[in-house]
Amino acid sequence: AANIRVFYNSGRTERIVLQGRANIELTGEIGETGTRINADAVEMLMNDFGGVKRIDASVDVVVNLAVADKAYQEIRSDSLGIVSIGNRDSFTATFIGSVDYRESDDELTGTGSDERRRMTADRLEASLGSDFGGLNSARFVSNVKFSNGTLDALADEAIYEPASGILSLSMNEEQADKDSPRMIDDRGSLQADSVTIDLNGPSMSAEGGVASVLGSSRDEKRTQDREGLSDNDPRRPGLLSSAGGIFVSSDRFEFDPETSVAIYSAKAPNTARLWQDNTEFRGTRIVLDELTGNLSVEGEARTRTSMVQTNDQTGAVEETISIGEGGSVIYDDVARKATYYEPAQLQGPHTHLKADTIEVQLQDDSKTLEQIVAIGNVSLELENRFVSGSRLVYDDLEGKYDMQGQPVRLVEQTGVEANKECRETAGRSLTFFISAADVSVDGQSETRTSSKSGECELLLAPMSIDSVQ
């Protein structure tokens with residue numbers, strides 16, 4: 001320093017004041033550099049045993065902490081106060097104003113290229129190890145920003161544990177204007193009341209008001225046949241567009257980098273929700289496998305999907321919206337198949353299908369319907385038709401319905417007045433087409449000469465197996 005003054009009391013050093021670009025270097029491990037403090041002014045208060053009781057520094061403060069295993073920690077701020085904790089060999093440090101924390105595996109050069117982690121804030125409250133040897137824990141307060149090259153985050157408050165690599169982001173209850181923590185990485189962006197990140201993973205979790213946008217700029221480079229994807233690219237379900245963002249909301253979020261599985265969950269009456277344009281998934285738990293592109297929804301699952309399929313009335317191929325429900329829904333991206341489990345139902349513009357299990361098979365583009373298979377207690381409502389059985393296969397290319405059962409029942413409205421005049425065709429198997437008037441029963445093609453006629457309500461009542469034997 002340009003000016004050093006030492007104050008004594010009863011023969012012992014009581015206080016040291018350094019002014020004019022002061023520089024202090026403390027003793028480190030044998031053969032190692034200790035912690036360095038540099039500032040325009042530094043004042044040290046000593047205890048009765050000649051040790052440091054308090055250090056205050058002001059104006060352009062730079063602290064280089066001595067950390068084990070050759071790691072480096074540097075903190076810059078407008079002012080600094082370090083206080084010893086009782087008789088223990090540990091200290092608390094408070095950095096105030098323009099706080100800039102940098103961490104590196106190598107000695108920092110100031111270029112930024114060697115930084116492993118960086119955090120800025122208005123205030124930093126830290127716990128230091130013995131002999132000021134590195135941060136044990138750190139609390140960053142107000143206007144917190146974090147970056148490590150692959151992840152960026154903003155928060156009112158952050159708790160960081162350098163040894164474990166755990167970073168916890170939260171709102172600051174002491175602030176009048178509270179903002180939820182926000183982060184962005186290769187997966188997309190995430191906002192919640194609190195976010196916890198294991199920077200060594202990085203696994204992460206979030207609680208309260210979770211809102212996420214999945215996807216990144218690399219999505220735009222993808223083609224529909226998935227050429228050009230790298231191993232690090234998260235794979236999204238093919239029934240969603242690769243060009244736009246995917247939105248998710250929930251009460252809780254978890255991500256495991258080892259399995260590349262993201263879980264979004266909610267407690268009733270809330271639901272987790274994943275959506276993009278006209279496609280939507282809802283349930284108490286949504287699991288997204290970012291390695292395979294598979295998607296599952298559990299707990300009163302609800303779906304809204306946009307598919308290209310044949311119009312049940314006109315026979316024209318067009319984009320339609322289907323509403324699905326099930327106890328759970330699983331979408332297999334490689335197989336391009338969505339399976340709805342009991343109780344399952346699927347409703348289109350002119351159809352309503354119910355069964356124990358419904359499988360929706362898509363074509364190679366994952367957007368065009370190929371086939372629907374319904375199994376167990378199957379019922380199908382079409383325009384002026386009702387069909388029931390045990391197994392239904394619908395081929396969209398041919399517009400053909402094949403129903404099996406014991407028995408299969410087809411009830412059709414024949415009168416002009418709705419639900420007044422109907423007729424029924426029954427058998428063990430039944431085939432009909434969207435655009436044709438004929439029905440094939442038990443392999444025998446017949447025109448509408450049904451086995452029963454009468455009021456629709458009576459014909460729609462359950463029918464025993466004996467009636468078709």
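Quick caveat: nothing in here was measured; it's all calculated off a predicted structure.
- Between the side chains of T431 and D402, at least one donor N or O lies within less than 3.5 Å of an accepting N or O.
- Donor-acceptor pairing under 3.5 Å is lacking for the side chains of Y331 and T303.
- Y101 and Q73 share a side-chain donor-acceptor pair at under 3.5 Å.
- With hydrogens and angles left out, the side-chain atoms of Y160 and E103 include a donor and acceptor closer than 3.5 Å.
- The distance from atom NZ of K145 to atom CG of D152, rounded to the nearest 0.5 Å, is 10.0 Å.
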task = List the steps, then state whether side-chain contact (heavy atoms from CB on, under 4.5 Å) holds for T259 with L291.
result = CA-CA 8 Å; T259 60; L291 188 64; over 6 Å; no

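- Side-chain atoms of D277 and T279 form no donor-acceptor pair, as typed in the model, at a separation below 3.5 Å.
- There is a side-chain donor-acceptor pair under 3.5 Å between N64 and E74.
- By the 30° and 60° cut-offs, the orientation of the rings of F253 relative to Y264 is tilted.
- The existence of a salt bridge linking E280 and R304 is excluded, since no basic side-chain nitrogen approaches an acidic carboxylate oxygen closer than 4.0 Å.
- Using modelled atom types, one finds a donor on one side chain and an acceptor on the other under 3.5 Å when comparing E319 with S306.
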message = Go through it in stages, so that I can follow the logic: the residues are E325 and R302, the test is salt bridge (charged side-chain N to carboxylate O under 4.0 Å, His left out), and I'd like the CA-CA distance, side-chain angles, deciding distance and then a yes or no.
response = CA-CA 5 Å; E325 297 183 12; R302 303 289 186 269; 3.8 Å; yes

query = Yes or no on side-chain contact (heavy atoms from CB on, under 4.5 Å) for I246 and L274, after CA distance, side-chain angles and deciding distance?
reply = CA-CA 7 Å; I246 301 169; L274 183 149; 3.7 Å; yes

